[in-house]
Amino acid sequence: MSPTPNADRRSLLLLDGHSLAYRAFYALPDTLRTQTGQLTNAVYGFTSMLIKMLGDRRPDAIAVAFDKGRDVARTAAFPEYKANRVSAPDEFRPQVDLIKQVLEALQIPIVEVPGVEADDVLATIAGQAIERGFHAYVVTGDRDAMQLVDEHLTVLYTLRGITEMAEMTPPAVQERYGVPPSAYVDLAALRGDNSDNLPGVPGVGDKTAAKLVNQFGDIDGIYAHLDEVSGKKVPAMLAEHEQQVRTNQRIMRLRRDVECECDLADLRFGEIDTEAVRALFGSLEFRALYDRFVEEVLGEQEEAAAAAFDRSPQRLEAGGLRAWLDGAAQPLAVVPIVVDRPPHATPVAIAVAAPDRDPASARLDDLDPADLDALAAVLADPTVAKVTHDLKTLDHAAAALGWVVSGVTLDTELGAYLLNPEQRTFDLERLALQYLQRSIAPQEEADDADQLTLDVGEDDPWEERALRAEATFELARHLDDQLEQRGQRDLNATVELPLAPVLARMERAGITLDLHVLDEIRDRLAARVEELEREVHDHAGRPFNIGSGPQLQAVLFDELGLPKTRRIKTGYSTDAQALKNLAGQHPIIEAIGEWRETSKLLTTYVDALPPLVDPETGRIHTTLSQTIAATGRLSSSNPNLQNIPVRREEGREIRRAFVPGEGFGQLLVADYSQIELRIMAHLSQDDGLLDAFASGEDIHATTAAKVFDLPLEAVDGALRDRAKAVNYGLAYGLTPFGLGQQLGIPPSEAVEIVDAYMARFPKVRQFLDAAVDQARRDGFTTTLFGRRRYLPDLLSDNRNRRQMAERMALNAPIQGTAADVIKLAMITLQHALDRSGLRTQLLLQVHDEVILEVPEDEFDAARDLVVTELSGVVDLAVPLEVDTAFGPTWFDAQKH
DNA sequence: CGCCTCACGTA
DNA sequence: CGTACGTGAGGCGG
């Protein structure tokens, strides 16, 4: 039964999604679950079968059809059609969504036509494809497909399990059913189909039906010669059930003329989103299946990648780099080896790779001036396409040599982040393993003597460095494909890549700290902490470590007998919320609260910051990370300058220590006003919210007026606070419980407020619901600029995890779009500053604000530029309002 | 020493 | 029992 007659035809694989998923669901045990309890037997079975199909048959084209809605035509013709069907078990439906995610990752088209069954869709597509010279393979667990079999169409019919298939060619159908495929419908009409609620002729099974069809040709023939039918009971039953037989015949015949917008060209198979597959299989815990996928489906791609890696690394000496760079094909991979961090980051070596030569590395010390000039020229040339791993570091390396970097088209770290922002680390070794299934470390045993002699007495890892450049080159090609497939190349090219050098400059700039201010604050706070410690100990009746959870719990709940609070793993909570609930019960509570606040300020800021100040410049250089936050935000560390206190006066004082550096007059803070709420207004297009912003009035008061149905003048502080809490809470997926907690009102009242809000802003609710629905279907959320966040837990059957994922799903597009906007604004602002020749420089970004230092003579120009660039960066349905404030310290540059 | 939990600072 | 982070302290186990 070899398909040799069709060897010259292209192959099309057509799968009946529902039928196969259902088979798998019942064929495989319900013990196949993820750690979170999500049942995956149908997904697993389907995917396993699919991988086998793809690996064995390597189809040129592919599609999977799913039923969508009840079958309109058949139900109209025969109302009882499938009326006996019980709805699928609860644990089946979510698996269909997961299967669709698998298909999406494999870039396999899904075809659904409302009111039409998958069979008919497949029959139609198959017919069109065969006309165009394809051989079609229809994979299904539904016998009705047998009627489609002919010399250009083979049905692969599931046997026991799901990966085992019977290959039904015309002779195979003849052998199994006793009739040729063309007579299959008549046979089935006589025999009936219990699962579709189509009764057959009593007393007529497969055998008799086949005999009748063979003897008389078809159903018309049988009824024309009823008197010739042998036996007594059979002819009588045939006569009695003629109408049902005719109905069956009509219903069982598959349509081949479905209206379906499926162009054969769109069914091409081959471009697999391997990163999405990896992420999805990971979350489904399909470890072994992933390996099979790599081996059986990606096999050929992998071999190609492996071959490319087999170049031999070179070590370059004086003159070598210039020669290597001369005429090298693009893109070049350029990977610096850098020691120390900004502002002292220093390159010590460089590794390079290109499409047309062996990868190489060199210690900068070994190179001569001509080498360095050549490298500097290549780095600065925007027309020389370059890829790297960690562009921010490359920028630091170049800056250390007084060079500029231009023309970088891909950063493997940033690219991999865009593909899966949930991933926490993007070191090159990991990415190479993840995407190329390759390890970077050179082979332990060298297979030729040359290599051994070179290694003798060497601790300079030049070979590994060259391999890193090679890996970067290969990765870049792969990641670029993946970005292209997801429509994220633009986001990469216009936001993430150009942002990296902006962040690099901010890191190098640093922000000046006035240590005298911190000294004063320290004196004050330290005295207060001591005082409070004595007070707490007095109340407790003994000294103890207030900062220790267990010790504090012992004092509060055992010794002082205060009422137990919220349960936590290690006992009972003593957090600020819990202490607030105990307020007034004992004077120790207040003292503990203040001790906590004060010692937090002291240890986290006042004591922690000074050691990080660069003694030469008096500046503190945070690290701004571009690949940490899953929503697209930046993060700041060493130290974190995005959480310097501001809300309470005591903490805000710390901002007095942040001052303009020498030669600069003031700090300038520019912040977006309610950017997330404005983005929600834009994304939801809610008229009420749009109006509220258009009016230019206080947004929280305006929404309060609408929600509580009052004139604006009648809105008091409390009502405004409630509206504000809802406004901010919405984008976090707030619950009545949470809102109630925050406002100190019962959940029932919170429900009323939320309901009133939603009634007034109906499109907001629609938008939030739609965001979650969309994410459930696609498996990821998307921002206005195409940034994605994958949320497999949306289909978890663990309620907590699912609800958490739902909150993430409605927050991610909003927080993420805000992140996109300010990133883009920082880029255009930096360019505008460069063009204008101002000395004003960006220092920090705190999610919705930027902090700059401005020379005395640039105040007006800088403010104008910042406002113009930030507010004009993108055109939304609401204005982007930007507030600015100057000050001699960060404290003073805040709005009060 | 690394690692976890708790707590808490910011948007 | 609203999102996103990073850090410091205590305390565990090695």
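Below, chains carry the letters A, B, ... as their sequence lines are ordered, and counting in each starts from 1.
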Novice: Considering every strand and a 4.0 Å limit on heavy-atom distances, what is the contact class for T574(A): base, sugar-phosphate, or nothing?
Specialist: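 Answer is sugar-phosphate: T574(A) comes under 4.0 Å of backbone atoms only.
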Novice: Tell me, please, whether F780(A) has R788(A) positioned over its six-membered ring: NZ or CZ under 6.0 Å from the ring centre and within 45 degrees of its axis?
Specialist: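 Judged by the rule (NZ or CZ under 6.0 Å from the ring centre, within 45° of its axis), R788(A) counts as positioned above F780(A).
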Novice: Given 3.5 Å as the limit, does a donor-acceptor pair link the side chain of R655(A) with the main chain of P645(A), or not?
Specialist: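 Yes, R655(A) side chain to P645(A) backbone: donor-acceptor pair under 3.5 Å.
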Novice: Kindly confirm or rule out a cation-pi arrangement of R567(A) over Y572(A), judged by NZ or CZ under 6.0 Å from the six-membered ring centre and within 45° of its axis?
Specialist: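 R567(A) over Y572(A) ring: yes.
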Novice: Can a salt bridge be assigned to the pair K600(A) and E597(A) using a cut-off of 4.0 Å between side-chain N and carboxylate O?
Specialist: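 Salt bridge flag = no for E597(A) with K600(A).
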Novice: So what does A608(A) touch, heavy atoms closer than 4.0 Å: a base, only the sugar-phosphate, or nothing?
Specialist: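 A608(A): backbone/sugar contact only, no base atoms under 4.0 Å.
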Novice: Quick check on dA4(C): is either OP1 or OP2 less than 4.0 Å from any side-chain nitrogen or oxygen of R789(A)?
Specialist: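 The answer is yes; a side-chain N or O of R789(A) sits under 4.0 Å from OP1 or OP2.
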Novice: Tell me whether D514(A) is salt-bridged to R656(A), with the criterion being a basic N under 4.0 Å from an acidic carboxylate O.
Specialist: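 No salt bridge links D514(A) with R656(A).
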Novice: Expressed as a whole number of angstroms, how long is the span from L602(A):CG to dG8(C):C1'?
Specialist: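 Nearest whole value for this atom pair: 12 Å.
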Novice: Using a 4.0 Å heavy-atom cut-off, does I568(A) contact any base of the nucleic acid, only the sugar-phosphate backbone, or nothing at all?
Specialist: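 The residue I568(A) makes sugar-phosphate contact but no base contact.
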Novice: Is the shortest distance from a Lys or Arg side-chain nitrogen in R633(A) or E676(A) to a carboxylate oxygen in the other one below 4.0 Å?
Specialist: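 Salt bridge between R633(A) and E676(A), a charged N being under 4.0 Å from a carboxylate O: yes.
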Novice: Hey, is D820(A) close enough to R787(A) for a salt bridge, meaning N to O under 4.0 Å?
Specialist: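 A salt bridge is present here (some side-chain N lies under 4.0 Å from a carboxylate O).
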Novice: Could you give the start and end, 5' to 3', of the contact zone on DNA chain B for chain A, using atoms under 4.0 Å from its heavy atoms?
Specialist: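 Nucleotide range in contact with chain A: dT5(B) to dA11(B).
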Novice: Indicate, with a heavy-atom threshold strictly under 4.0 Å, whether A576(A) touches base, sugar-phosphate, or nothing.
Specialist: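 Sugar-phosphate contact only.
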Novice: Mind running a 4.0 Å heavy-atom check of residues 624-648 of chain A against DNA chain B and sending the residues that fall below it, in number order?
Specialist: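 Heavy-atom cutoff 4.0 Å gives R633(A), N640(A), Q642(A), N643(A), I644(A), P645(A), V646(A), R647(A), R648(A).
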Novice: Decide, yes or no, whether a salt bridge links D793(A) with R801(A) under the criterion of side-chain N to carboxylate O below 4.0 Å.
Specialist: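 Between R801(A) and D793(A) there is a salt bridge, with a charged N closer than 4.0 Å to a carboxylate O.
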Novice: What nucleic acid atoms does K569(A) come within less than 4.0 Å of, heavy atoms only: base, sugar-phosphate, or nothing?
Specialist: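 Contact class for K569(A): sugar-phosphate only.
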Novice: Given the P atoms of dC1(C) and dT5(B), what is the spacing between them in whole Å?
Specialist: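 Going atom to atom, P in each nucleotide, I get 15 Å.
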Novice: What pairs of nitrogen or oxygen atoms, one from the protein and one from nucleotides 11-13 of chain C, lie under 3.5 Å apart?
Specialist:
residue	atom	partner	partner atom	Å
dG11(C)	OP1	S548(A)	OG	2.5

Novice: Look at all strands and tell whether R424(A) reaches a base, only sugar-phosphate, or nothing, counting heavy atoms closer than 4.0 Å.
Specialist: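 The answer is sugar-phosphate, as R424(A) gets under 4.0 Å only of primed atoms, P, OP1 or OP2.
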